[in-house]
Trainee: 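Structure in structure tokens, see below.
First the proteins, then the strands, lettered A, B, ... as listed; each starts at 1.
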Number of protein chains: 2
Amino acid sequence: MGISKREEEYLEAIYLLQKNKGVIRVKDISKKLGVRPPSVVDALKKLSEKGFVEYEKYDRILLTKKGIEIAESTYQKHILLAKFFTEILGIPPDIAEEDACQFEHYVHEITAEKMKEFAQYIQDQCPYVLKQFLKEQKEKS
Amino acid sequence: MGISKREEEYLEAIYLLQKNKGVIRVKDISKKLGVRPPSVVDALKKLSEKGFVEYEKYDRILLTKKGIEIAESTYQKHILLAKFFTEILGIPPDIAEEDACQFEHYVHEITAEKMKEFAQYIQDQCPYVLKQFLKEQKEKS
DNA sequence: TAAATTATTTAGGTTACTCTAACATAGGTG
DNA sequence: CACCTATGTTAGAGTAACCTAAATAATTTA
């Protein structure tokens with residue numbers, strides 16, 4: 001019994017909401033993920049059974065240690081991917097966000113790692129070439 | 001009514017099987033996608049209703065024009081992603097394949113396009129730096 | 001060509017996720 | 001403090017995948 005893509009999305013949403021506004025409600029998650037409250041409740045029950053979320057009905061919603069770990073790891077990948085897409089490939093931020101949002105659930109650790117290293121390497125070794133590439137991309141639009 | 005990720009996977013599988021061995025059977029698709037034959041039949045019915053596949057029971061399986069278009073476009077993205085992962089980031093081919101297999105269903109056109117352009121640019125403008133990066137990656141393993 | 005084998009299809013069921021409509025609770029306000 | 005509104009929860013149902021077991025069709029072989 002692993003964790004599904006959708007479950008990861010719920011955990012990440014909860015994590016980010018809590019980070020930004022402390023206490024969160026079913027309604028917040030519902031809005032963030034674009035689903036109706038009953039779907040959120042279902043998800044919370046399942047995540048709670050699996051030990052990723054602490055949840056009693058009508059009560060506060062908290063991530064467990066396990067839940068936080070997953071959410072953070074997913075979010076780290078998100079950041080990294082979005083950065084790579086914008087800062088290296090010159091993709092518009094909104095598109096980069098969307099791609100990162102999907103890929104974060106599938107990308108292998110190695111791939112994420114190499115993206116990071118590659119970005120670093122290029123920025124160190126040929127910053128001018130990179131800058132030139134990004135400039136040319138911008139000029140096209 | 002768009003097309004789901006899974007439906008895209010079926011179309012791509014059919015496309016590649018046909019390319020490699022001409023006439024294909026339910027069994028072939030079943031093996032390729034790791035699902036049981038009844039699942040394939042279900043999928044073929046749905047894809048046929050949607051106009052992506054020509055299918056009569058016990059008869060041959062063909063892609064329609066629309067089906068081929070989608071399959072080819074998906075496969076092109078697959079090739080492009082896999083190449084980027086191996087030739088630019090130095091990711092092992094098996095991992096690159098797996099990542100490409102997922103991302104091909106989500107990646108925006110723009111992102112794929114920029115990956116291609118970036119690869120070309122770097123290979124032209126600083127081939128030595130790239131070579132050096134890939135060499136260092138290899139040495140780590 | 002009849003029997004045996006293999007392939008395909010149908011029937012019926014499961015799981016994950018979603019929804020709407022109806023009901024229940026909590027918290028703020030008259 | 002009782003009521004009203006917000007929010008949350010349950011019940012029941014739909015859809016897209018998948019599966020197994022049983023039935024049917026096609027193909028091979030004796």
Side-chain angles (χ1 to χ4, degrees), chain A residues 1-14 17-18 20-63 66-67 70-71 74 101-102 104-106, chain B residues 1-14 17-18 20-63 66-67 70-71 74 101-102 104-106:
Chain A
M1 264 220 235
I3 186 164
S4 73
K5 183 195 178 201
R6 198 48 170 161
E7 285 171 336
E8 246 175 53
E9 285 171 345
Y10 273 100
L11 293 179
E12 192 185 17
I14 294 167
L17 286 166
Q18 262 165 1
N20 292 333
K21 53 169 288 189
V23 173
I24 65 162
R25 342 268 358 259
V26 167
K27 187 185 47 156
D28 302 316
I29 304 172
S30 160
K31 196 189 288 179
K32 176 131 196 158
L33 291 181
V35 297
R36 298 283 177 179
S39 308
V40 174
V41 173
D42 274 7
L44 288 174
K45 281 181 188 164
K46 215 180 262 175
L47 289 169
S48 161
E49 273 168 25
K50 292 194 179 184
F52 299 121
V53 162
E54 240 173 85
Y55 163 74
E56 297 293 335
K57 54 171 163 165
Y58 297 110
D59 206 356
R60 76 226 168 301
I61 298 160
L62 292 175
L63 292 172
K66 264 170 64 186
I70 290 173
T74 305
C101 252
Q102 295 298 323
E104 64 187 358
H105 305 289
Y106 297 109
Chain B
M1 259 218 236
I3 187 165
S4 73
K5 183 193 178 202
R6 198 47 170 161
E7 286 172 335
E8 246 176 52
E9 285 171 345
Y10 274 99
L11 292 179
E12 191 184 17
I14 293 167
L17 286 166
Q18 262 165 2
N20 292 333
K21 53 168 291 190
V23 173
I24 64 162
R25 340 271 355 262
V26 167
K27 188 186 45 158
D28 301 317
I29 303 172
S30 158
K31 196 189 287 179
K32 176 130 195 161
L33 291 182
V35 298
R36 297 284 177 180
S39 308
V40 175
V41 173
D42 275 5
L44 289 175
K45 281 180 188 164
K46 214 178 264 175
L47 289 169
S48 161
E49 272 168 25
K50 292 194 181 184
F52 298 121
V53 161
E54 241 172 85
Y55 163 73
E56 296 294 334
K57 56 173 165 165
Y58 297 111
D59 205 356
R60 75 225 169 305
I61 298 160
L62 292 174
L63 291 173
K66 263 169 66 186
I70 290 173
T74 306
C101 253
Q102 296 298 324
E104 63 186 359
H105 305 290
Y106 298 108

Trainee: Could you list where the contact with chain A starts and ends along DNA chain C, reading 5' to 3', using a 4.0 Å heavy-atom cut-off?
Mentor: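 Under 4.0 Å from chain A, the extent on DNA chain C is C:dA16 to C:dT25.
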Trainee: For residues 2-10 of chain A, which residues have at least one heavy atom under 4.0 Å from DNA chain D?
Mentor: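 Listed by number, there are none.
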Trainee: Do the side chains of B:Ile29 and B:Leu17 get nearer than 4.5 Å, heavy atoms only?
Mentor: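 In contact.
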Trainee: Do you know which two heavy atoms are closest between A:Leu11 and A:Gly67, and how far apart they sit?
Mentor: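 That closest heavy-atom pairing would be CD1-O, 4.3 Å.
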Trainee: According to the Watson-Crick and G-U wobble definitions, with both distances under 3.5 Å, which nucleotide is paired to D:dG12?
Mentor: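 By the stated definition (distances under 3.5 Å), C:dC19 pairs with D:dG12.
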Trainee: Which residues in residues 52-62 of chain A have a heavy atom closer than 4.0 Å to any atom of DNA chain D?
Mentor: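 Heavy-atom cutoff 4.0 Å gives A:Tyr55, A:Lys57, A:Tyr58.
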Trainee: Using purine N1 to pyrimidine N3 plus N6-O4 or O6-N4 for Watson-Crick, or N1-O2 and O6-N3 for G-U wobble, both under 3.5 Å, which nucleotide pairs with D:dA30?
Mentor: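 Paired with D:dA30, as far as the under-3.5 Å criterion goes, is C:dT1.
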Trainee: With heavy-atom distances below 4.5 Å as the criterion, would you say the side chains of A:Tyr10 and A:Val35 are in contact?
Mentor: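 A:Tyr10 vs A:Val35: side chains touch.
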Trainee: Apply the syn/anti split at 90° from 0 to D:dA6 and say which one it is.
Mentor: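 This nucleotide is in syn.
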Trainee: Scan residues 24-32 of chain A against DNA chain C and write down, sorted by residue number, each residue with any heavy atom closer than 4.0 Å; if none is found, say none.
Mentor: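 Listed by number, there are none.
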Trainee: Counting C-beta onward and ignoring hydrogens, is there a side-chain heavy-atom pair between A:Leu44 and A:Ile61 closer than 4.5 Å?
Mentor: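 Yes. Closest side-chain heavy atoms under 4.5 Å.
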Trainee: Considering only distance and modelled atom types, tabulate donor-acceptor pairs under 3.5 Å from the side chains of residues 46-55 of chain A, sequence neighbours left out.
Mentor:
from    : atom 1 : to     : atom 2 : distance (Å)
A:Lys50 : NZ     : A:Gly2 : O      : 3.3
A:Lys50 : NZ     : A:Glu7 : OE1    : 3.1
A:Lys50 : NZ     : A:Glu7 : OE2    : 3.1

Trainee: List for me each residue that meets side-chain hydrogen bond (donor to acceptor under 3.5 Å, both in side chains) alongside A:Glu12, sequence neighbours excluded, and say none if there are none.
Mentor: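 None.
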Trainee: Considering residues, nucleotides and ligands other than B:Lys66, do more than 12 of their heavy atoms fall under 6.0 Å from its NZ?
Mentor: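 For B:Lys66, atom NZ is crowded (more than 12 foreign heavy atoms under 6.0 Å).
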Trainee: Can you measure from CD1 (B:Ile3) to CD1 (B:Ile70) and round to the nearest 0.5 angstrom?
Mentor: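 Taking CD1 in B:Ile3 and CD1 in B:Ile70, the distance rounds to 4.0 Å.
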Trainee: Sequence neighbours excluded, which residues qualify as side-chain hydrogen bond (donor to acceptor under 3.5 Å, both in side chains) partners of B:Arg6?
Mentor: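 Per chain and number, B:Arg6 pairs via side-chain hydrogen bond (donor to acceptor under 3.5 Å, both in side chains) with B:Glu9.
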Trainee: Within residues 39-48 of chain B, which residues have any heavy atom lying less than 4.0 Å from an atom of DNA chain C?
Mentor: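 Contacting residues: B:Val41, B:Lys45.
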Trainee: Using the side-chain contact (heavy atoms from CB on, under 4.5 Å) criterion, which residues pair with A:Gln18? Sequence neighbours excluded.
Mentor: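 Testing A:Gln18 for side-chain contact (heavy atoms from CB on, under 4.5 Å), a comparison that skips the adjacent residues, returns A:Ile14, A:Ile24, A:Leu62, A:Leu63.
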Trainee: Not counting sequence neighbours, which residues clear side-chain hydrogen bond (donor to acceptor under 3.5 Å, both in side chains) with A:Arg25? List them please.
Mentor: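 Testing A:Arg25 for side-chain hydrogen bond (donor to acceptor under 3.5 Å, both in side chains), a comparison that skips the adjacent residues, returns none.
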Trainee: Shortest non-hydrogen contact from A:Glu104 to A:Thr74?
Mentor: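 Nearest heavy atoms, A:Glu104 then A:Thr74: OE1-O, 3.7 Å.
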Trainee: Among all residues two or more places apart in sequence or in another chain, which pass the side-chain contact (heavy atoms from CB on, under 4.5 Å) test with B:Tyr106?
Mentor: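 Scan of B:Tyr106 (side-chain contact (heavy atoms from CB on, under 4.5 Å), adjacent residues dropped) gives A:Lys5, A:Gln102, A:Tyr106, B:Lys5, B:Phe103.
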